[in-house]
Amino acid sequence: DAKTTQPPSMDCAEGRAANLPCNHSTISGNEYVYWYRQIHSQGPQYIIHGLKNNETNEMASLIITEDRKSSTLILPHATLRDTAVYYCIVRPRGGSSNTGKLIFGQGTTLQVKP
Amino acid sequence: NAGVTQTPKFQVLKTGQSMTLQCAQDMNHEYMSWYRQDPGMGLRLIHYSVGAGITDQGEVPNGYNVSRSTTEDFPLRLLSAAPSQTSVYFCASTVGGGQGAVGYTFGSGTRLTVV
């Protein structure tokens, strides 16, 4: 499975956009990029995923580079409640024996400051 | 719609005791997984299942057993609890097969202390 690299921590001012980078240079053609976050000691929360096109939902936007070796999660207007650990994960598409296997790295701790 | 339900929420065990952590989902998800999270650390995959009757090991399977007799339930058994198994345990599920490109739903966790 492809590995991901994220900065250990980032700060963001409340109301500003938070841009969280992820490097996945060994990603293969059948692997999606997923983003989750974990607020304090709660269970992780799914945010967004993508294959090769940019994606947007009510929570965030995901920008994937053309070569798919890196991506950026964008929280357009960060609030204090967005303070969390953000995980970037690569996972095979459906039909692979590894599809059920979701491996977490260390993630990025995002601190949103007033 | 309850989602992923984990019981109990808190548990204290003595070293050597055994117990089962329960996980149930009502979303007809094929894939289910168990994770542990030690204080200040990330999540580590213990075991996972891609359907009833099918289980496989994750990153840290030693000391744990699982079975998947129904689609809804995926219990995690601690055979002989050790202090090193003190952790927060999360269960998660998602649809499987060709619809694998969907996010996992996580339970709220079971906080286990082994003394």
Side-chain angles (χ1 to χ4, degrees), chain A residues 1 3-9 22 27-53 55 57-60 62 64 73 84-109, chain B residues 3-6 9-10 23 25 27 29-52 54-61 66 68 74 87-112:
Chain A
D1 296 341
K3 301 294 185 235
T4 63
T5 303
Q6 299 178 252
S9 63
C22 180
I27 193 170
S28 62
N30 72 337
E31 291 179 316
Y32 283 90
V33 179
Y34 285 80
W35 283 84
Y36 287 78
R37 73 180 182 183
Q38 187 175 27
I39 297 173
H40 194 42
S41 55
Q42 299 176 20
Q45 176 189 24
Y46 162 79
I47 301 173
I48 198 168
H49 74 276
L51 185 62
K52 54 184 177 180
N53 297 320
E55 303 287 345
N57 63 20
E58 65 278 5
M59 290 182 68
L62 174 61
I64 302 175
L73 178 75
V85 179
Y86 288 78
Y87 297 97
C88 169
I89 302 168
V90 170
R91 178 186 168 211
R93 303 177 72 165
S96 162
S97 61
N98 284 325
T99 300
K101 200 173 175 181
L102 194 70
I103 302 295
F104 284 77
Q106 294 305 306
T108 296
T109 299
Chain B
V4 178
T5 302
Q6 292 186 235
K9 293 190 184 303
F10 300 92
C23 177
Q25 52 89 11
M27 299 171 284
H29 285 171
E30 285 188 72
Y31 291 179
M32 297 185 75
S33 299
W34 275 104
Y35 292 86
R36 61 175 288 174
Q37 186 171 33
D38 300 337
M41 305 291 288
L43 287 90
R44 291 184 291 171
L45 181 64
I46 305 172
H47 287 283
Y48 66 104
S49 169
V50 297
I54 306 170
T55 64
D56 205 347
Q57 296 182 351
E59 303 170 280
V60 288
V66 291
R68 184 95 181 271
F74 190 41
S87 191
V88 180
Y89 291 83
F90 290 103
C91 179
S93 74
T94 190
V95 300
Q99 301 179 67
V102 177
Y104 270 85
T105 299
F106 281 78
S108 58
T110 293
R111 283 148 182 80
L112 176 69

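In what follows, chains are A, B, ... by sequence order, proteins preceding strands, each numbered from 1. In this text the structure is predicted, and so the values were computed from the model without any measurement.
Atom CG of B/Leu43 is separated from atom OH of A/Tyr36 by 11.0 Å, given to the nearest 0.5 angstrom.
Within the 4.5 angstrom heavy-atom criterion, only side-chain atoms of B/Arg111, from C-beta onward, approach chain A. Neither the backbone nor the side chain of B/Gln6 comes within contact range of chain A; no heavy atom of the residue lies under 4.5 Å from a heavy atom of that chain. In this structure, the portion of A/Gln42 lying under 4.5 Å from any heavy atom of chain B is its backbone and not its side chain.
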Item to check | Steps toward side-chain contact (heavy atoms from CB on, under 4.5 Å) verdict (B/Tyr35, A/Leu102) | outcome: CA-CA 10 Å; B/Tyr35 292 86; A/Leu102 194 70; 3.0 Å; yes
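Listed here is the closest heavy atom pair of B/Tyr104 and A/Tyr46: O-CB, 3.9 Å.
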